[in-house]
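The chains referred to below are lettered A, B, ... by the order of the sequence lines, with proteins before strands, and numbering in each begins at 1.
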Protein chains: 2
Amino acid sequence: MQGYDPSAFPPFAVTVDLAVFTVRAMRLHVLLVERGQDPHQGRWALPGGFLLPHEAAEQAARRELAEETGLSCDTTEGLHLEQLRTYSDPDRDPRMRVVSVAFTALVPDLPEPRGGGDAARARWTPRDEASPLAFDHDRILADAHERIGAKLEYTCLATAFCPAAFTLGELRQVYETVWGVALDRPNFRRKVLATPGFVEPVAGGPRRTGARGKPAALYTAGPARSLHPPLLRPEGRPR
Amino acid sequence: MQGYDPSAFPPFAVTVDLAVFTVRAMRLHVLLVERGQDPHQGRWALPGGFLLPHEAAEQAARRELAEETGLSCDTTEGLHLEQLRTYSDPDRDPRMRVVSVAFTALVPDLPEPRGGGDAARARWTPRDEASPLAFDHDRILADAHERIGAKLEYTCLATAFCPAAFTLGELRQVYETVWGVALDRPNFRRKVLATPGFVEPVAGGPRRTGARGKPAALYTAGPARSLHPPLLRPEGRPR
DNA sequence: GTAATAGTGTCTATGAGACATTATACC
DNA sequence: GGTATAATGTCTCATAGACACTATTAC
């Protein structure tokens, strides 16, 4: 990036798009908004919006996340938000040149969005019922899904899908839901507990989850951020 | 990304920045250019430049790669190029609002760059002698280095640093150079050969490498793109 | 009792780390 | 010969996968 005439640069619009995932009822859900304006009006799309003039992409993404989920900025402060990649195909928006920085967010099961911001409507949609989306958002969603699946393998990110206190069964369901596979319960338990700092036991007594079976002990997310060695998907598929 | 007035969007300049790595003489090198113009004139920086009006970021990155390395477009066609992330801090360029999409490229040992394009000079610099760079390029370089180190673990990317035919000793040196650690030779060999499609033997006879020791057999990159199970760094450090 | 989930224990196969040994080149 | 690297083999330990078994709840 050297040698340029600032008055002669080609102008672009820069936006952020968000793939916000949650696990509810054993299914992976993604937050979608119904478009109220012209390009692709009435179709569903990932939430997002323009960068403000003095705003970094991360800030814009966090602002949009708060607007679209209807949560306070304090609540969204602690949510996991991560840059995915940037989409810059010249034809991705029919009206103008728009470069979009995509982000992935992982949230615990939240109340239905209140449709804030400038979106006509917003709702949680099962990931496999999301397509087709407006613009290139099918592609962004696929990339985001693949990314979170891969990150579950070598990070402690799965706890971001869980409430503050959770059972190992709930944590295992996160893996099973995102990966779409069944995991061996005893082996999963052993692996998680053998990783220092992944989860930490809660002093209080156990609670029942589905009102069936033995009550499970509660855990909270530990200080660790990565898994060594990783917890690989069964039949680890190539990227 | 919904609901906007195309005439009212805040304008941004969009650039690409490249972290081009190679391994030469057992050290990791990165391609740098000396800035010829005003912001940070005379300082070293990562190569890069503006997106053309109808160009995707990937195209712009490949074009800049060809210009800066002085290679033909045919040659750069097959080189590994991968989007790293986007840097959008409002103050990252002192003159205007510039959003930069950073890419990482891995190339075999190439001839000294001819300083093409609009860069005053270009040269290969040992990675640990690169700082300080202009703008936020120290940060970009650090992110890129961490990324390629991580990708060596679970992809077959190391062959991108090697010429068409290479010895297992040369491949091992790639890992040792990028990771900055020494690896056990027999175990490395066993691991690589046990991964189907990572490398494939060359029919022709062996060749000598450093004119010392037993001549090594030659291999070419195989069709595999990922490593299962991964080849983890010793004392795998957390991200 | 049955059903369902939590939690413990055990066996085995695989893979990685450590390291000894042999082979083949140049000096 | 000495040195340096390639290539093969061996041993051990850690881990993952499979799966049996017990524990505790709701019905």
Which comes earlier along DNA chain D counting from the 5' end, the contact point of L168(B) or that of P230(A), where each point is its nearest nucleotide?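 Looking at the nearest nucleotide for each, L168(B) comes out on the 5' side.
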Separation of [N] [atom2] from [X] [atom1] (nearest whole Å):
| X | N | atom1 | atom2 | answer |
| --- | --- | --- | --- | --- |
| L218(A) | dA6(C) | CG | P | 12 Å |
| R185(B) | dT5(D) | CZ | C1' | 6 Å |
| R172(B) | dT5(D) | CZ | C1' | 9 Å |
| D184(B) | dT12(D) | CG | P | 17 Å |
| L183(B) | dA16(C) | CG | P | 12 Å |
| L231(B) | dA16(C) | CG | P | 7 Å |
| Y154(A) | dT15(D) | OH | P | 21 Å |
| L171(A) | dA6(C) | CG | P | 12 Å |

In chain order, what residues pass the side chain to side chain contact (heavy atoms under 4.5 Å, CB included) check against [X], with sequence neighbours excluded?
| X | answer |
| --- | --- |
| A105(B) | V20(B), L65(B), L81(B) |
| P126(A) | R27(A), H29(A), D128(A), E129(A) |
| R147(B) | E82(B), L84(B), K151(B) |

Taking only the side-chain heavy atoms of P215(A) (C-beta and beyond), determine which of dA6(C), dT25(D), dT5(D) contains the nearest atom.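 Looking only at heavy atoms from C-beta outward on P215(A), the closest nucleotide is dT25(D).
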Report all interatomic pairs (protein N or O, nucleotide N or O of nucleotides 1-4 of chain C) with separations under 3.5 Å.
none

Contacts of type ring pair (Phe, Tyr, Trp, His ring centres under 6.0 Å), residue F188(B), not counting sequence neighbours: Y175(B)
Walk me through it: do I148(B) and F161(B) pass the test side chain to side chain contact (heavy atoms under 4.5 Å, CB included)? CA-CA 11 Å; I148(B) 62 168; F161(B) 279 112; 4.2 Å; yes
Inspect the contact between R92(A) and D17(A) and indicate whether a charged nitrogen and a carboxylate oxygen are less than 4.0 angstrom apart. yes
Check each residue of residues 186-195 of chain A for a non-hydrogen atom within less than 4.0 Å of any atom in DNA chain D, then write out the ones that pass by number, or none.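 Heavy-atom cutoff 4.0 Å gives P186(A), N187(A), R190(A), K191(A).
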Once salt bridge (charged side-chain N to carboxylate O under 4.0 Å, His left out) is applied, do any residues pair with R85(A), and if so which ones, sequence neighbours excluded? E58(B)
Who are the salt bridge (charged side-chain N to carboxylate O under 4.0 Å, His left out) partners of E200(B), not counting sequence neighbours? none
Kindly write out the residues that satisfy side chain to side chain donor-acceptor pair (under 3.5 Å) with T125(A), not counting sequence neighbours, or none if the list is empty. R123(A)
